[in-house]
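Accompanying notes for the structure given below.
Chain A is the first sequence line, chain B the second, and so forth, proteins listed ahead of strands; every chain is numbered from 1. As a basis for the values below, the full set of heavy atoms in this structure was taken, side chains included, without hydrogen atoms, waters or symmetry mates. Fair warning: this is a prediction, and the values are worked out from it, not measured in the lab.
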Amino acid sequence: MSKIAAVRFASPLPQLDREYDYLIVEGMSLEVGSLVEVPFGSGKKAKSGVVVELKEDSSHKGELGSITQVLSIHPQTSAKILELCKQVAQRQASTVGEILAAALPKRFVRVEKNISPLAKLESAVSTGVSELAEALLKAKRVHYTPQLIASSDDVPSWALDFANAAKRELQAGKSSLVVLPDYREVRHFELALEHLGLSEFSLKHVSTDNGSARYGNHLLAQISCAINYGTRTACFSAIKDLALIMLWDDGDESHIEQSSPYWNSRDVLLQRQQVEDTHLVIASHSPSAESLRLIDLNYLVALRAKGTKPLVRITDSFTRLDDETFALVSKCLSDGKPVLVQIANLGWASAIACSSCKELRKCPSCQSGIWIDPSGMYRCRNCKQSALLPLCTCGGANTRPIRIGASAIADQFRRSFPNTTILESNGDNPLLSTTASGVLVVATPGAEPDVVGGYDLIVIADAAQMIGAPRLRALEKAVGSWANAISLASKQSLVIFVGLSGVIADQIKDLDFEAIVGGDFQDRLSLGLPPSTRLASVISSNLADFNLLREGLEKSAMLDRLRFLPSADKFCLVLDYQYSDGAELANLLRSLTNLLTAQSKHKRPGERVYRINMDDSKVI
DNA sequence: AGCACGCCGACT
DNA sequence: GTCGGCGTGCTC
């Protein structure tokens with residue numbers, strides 16, 4: 001029996017970011033991952049922590065305290081996950097405690113009393129031939145492009161491929177982990193599990209589930225082999241005999257943690273693959289620039305499923321719905337077939353202008369633009385609140401909409417096709433699926449609902465506008481959202497891209513998403529922009545500490561390898577760095593900000609002086 | 001985060 | 001003299 005336990009606290013504080021050794025009282029049973037209560041600090045106040053190591057002796061010179069009690073014998077996490085937390089903390093210039101806080105679920109004592117292991121899958125059950133599962137026998141890490149359109153049963157191909165690969169592992173007595181961007185894709189994967197009769201062998205890890213269900217599955221994952229699936233926090237679920245990790249649509253922004261320390265599923269799972277020595281699949285209809293980079297480096301082996309693709313029609317029309325497109329929509333609807341129209345902007349209009357002087361109308365309090373939301377309210381882009389519209393500076397009262405949005409387009413369709421069901425779906429008000437037959441759906445990118453049998457016509461009405469957005473990843477994001485929309489097509493579907501010409505039009509003809517994203521990737525490579533490099537950002541809470549940080553970096557040994565980029569935010573420092581310098585930069589930023597935070601004259605309770613993001617995709 | 005220690009100004 | 005202000009630093 002070990003005598004000493006090293007304990008860690010799930011706290012973001014850098015002062016507490018280390019292991020503390022405690023004596024294990026005789027007769028106490030615990031293991032790595034157990035939750036314990038220990039006396040801590042000068043007041044010997046009880047504090048709960050996680051056992052991270054069992055050992056015989058301590059390097060600590062002073063006297064050791066004793067563990068007061070074992071709160072839960074059930075391990076909350078595993079040694080491998082603790083190692084993963086350390087590595088992620090290192091890369092994100094964060095603390096282990098902060099990552100650990102993300103890795104530990106909320107505890108529900110009652111759940112611990114009645115957990116029983118999951119049933120075992122009979123290994124005799126035959127498995128269908130799966131290209132993906134076959135490829136995994138040959139390569140450790142795979143990038144997978146599934147068949148674009150579902151071949152049957154309205155279950156997406158990728159979800160069936162994932163479930164089949166997971167089934168094969170389960171038959172070999174191994175677990176798998178599937179990480180999905182959002183609830184929609186969770187539902188798709190569940191459909192595949194149901195289709196293959198695997199539901200009872202699976203464990204769901206999503207934050208929207210009630211806490212006790214989630215905690216129960218968290219504990220079960222460590223004692224039963226299963227198909228584990230969930231959204232991004234599932235990246236840190238401790239799993240028994242994990243052999244396969246699969247990530248769907250790694251370019252989706254839902255995979256990025258929005259609060260400090262801003263980790264993302266792809267980076268965490270790439271590290272987890274190494275820590276746990278598992279197989280890894282990163283899959284999407286349209287590749288992310290990062291995964292193309294990993295294929296280029298031969299870190300991922302590319303695999304593409306064969307399959308039919310819908311017909312494509314491209315118009316270089318400046319209007320979103322030219323006469324010919326409109327006629328095709330009309331024809332489809334009169335045949336009782338479902339139609340999808342993807343519109344980039346939400347609401348009735350993106351902006352409004354004065355009818356007399358043509359000036360854009362601004363918010364009276366902050367001078368930001370005003371748009372019209374789906375309920376028809378005038379809203380300021382900055383203060384987000386509904387704005388009462390005052391008279392224009394020229395005295396004019398009338399306005400006209402600039403760039404009408406999805407609600408206005410849906411309204412036009414309602415007038416053109418009074419006998420057709422017109423549905424709207426957007427991120428704020430998503431429609432997951434519809435069963436109507438002759439339906440016309442107007443959706444914003446990422447909110448396209450499923451329809452039974454698939455859409456027979458899909459109109460990407462804002463193709464030109466989406467690729468022209470002044471953002472670094474505009475093209476990659478646009479193509480990704482087109483691919484996902486088109487994956488909802490029926491087998492005899494037609495896809496219309498409005499407003500495209502030139503090289504992109506040539507590439508989109510064959511729905512060769514990889515060629516488009518790849519070309520964009522090469523362009524960025526030659527410009528030295530992400531993902532060939534990365535952008536780190538540090539937001540300071542005040543000007544004095546912002547200047548101290550900048551001075552500190554300018555005096556550092558890394559100065560010649562860093563590039564300072566201009567930033568719109570006033571206290572935001574943006575740095576461009578090479579992947580190979582990432583670990584060193586993270587260390588530098590962490591030690592520098594820790595030092596400056598300790599000395600800061602401007603810190604306020606509860607507020608961080610510096611917020612570090614080692615991979616900021618929003619910054620330019 | 002807490003909590004003690006410590007080194008300066010105002011007070012019975 | 002000594003009570004208490006909160007800046008600095010440590011917690012196994």
Whether [Y] and [X] form a salt bridge (side-chain N of Lys/Arg under 4.0 Å from carboxylate O of Asp/Glu) is what I want to check.
{"X": "A:Lys555", "Y": "A:Glu551", "answer": "no"}
{"X": "A:Glu190", "Y": "A:Arg187", "answer": "yes"}
{"X": "A:Arg266", "Y": "A:Asp615", "answer": "no"}
{"X": "A:Glu476", "Y": "A:Arg473", "answer": "yes"}
{"X": "A:Asp21", "Y": "A:Lys55", "answer": "yes"}
{"X": "A:Asp373", "Y": "A:Arg379", "answer": "yes"}

With a 4.0 Å cut-off on heavy atoms, is [X] in touch with a base, just the backbone sugar-phosphate, or nothing at all?
{"X": "A:Lys47", "answer": "nothing"}
{"X": "A:Gly65", "answer": "sugar-phosphate"}
{"X": "A:Tyr22", "answer": "sugar-phosphate"}

* Centres of the A:Phe9 and A:Tyr20 rings: under 6.0 Å? ->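 For A:Phe9 and A:Tyr20, the ring centres are under 6.0 Å apart.
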
* Centroid-centroid distance, A:Trp263 to A:Phe236, less than 6.0 Å ->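 Here the rings of A:Phe236 and A:Trp263 have centres that are less than 6.0 Å from each other.
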
* Kindly state which residues belonging to residues 66-83 of chain A come within less than 4.0 angstrom of DNA chain B, counting heavy atoms of the residue only, listed by number. => none

* Asked: Of all of residues 14-21 of chain A, which get a heavy atom below 4.0 angstrom from DNA chain B, listed by number?
  ->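 Here the set is A:Gln15, A:Leu16.
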
* Check every nucleotide of DNA chain B for an atom under 4.0 Å from a heavy-atom of chain A, then give the first and the last such nucleotide from 5' to 3'. => B:dA1 to B:dA4

* Asked: What class does the angle between the rings of A:Phe571 and A:Phe546 fall in, given that below 30° is parallel, 30 to 60° is tilted and above 60° is perpendicular?
  ->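 It falls in the tilted class, 30° to 60°.
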
* Neighbour count >12 (heavy atoms, 6.0 Å) for atom CD, A:Gln367 ->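 Yes, because the 6.0 Å sphere around CD of A:Gln367 holds more than 12 heavy atoms from other groups.
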
* Would you kindly check if the NZ (Lys) or CZ (Arg) of A:Arg550 is within the cone defined by 45 degrees around the ring axis of A:Phe564 and under 6.0 Å from the six-membered ring centre? =>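 Ring-cation test returns yes.
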
* **Contact boundaries on DNA chain C for chain A, cut-off under 4.0 Å to non-hydrogen atoms** => C:dT11 to C:dC12

* Asked: Any salt bridge (Lys or Arg N to Asp or Glu O under 4.0 Å) pairs touching residues 584-593 of chain A, not counting sequence neighbours?
  -> A:Arg561-A:Glu584

Could you give the side-chain donor-acceptor pairs of residues 36-45 of chain A under 3.5 Å, partners two or more places apart or in another chain?
from, atom 1, to, atom 2, distance (Å)
A:Glu37, OE1, A:Gln69, NE2, 3.3

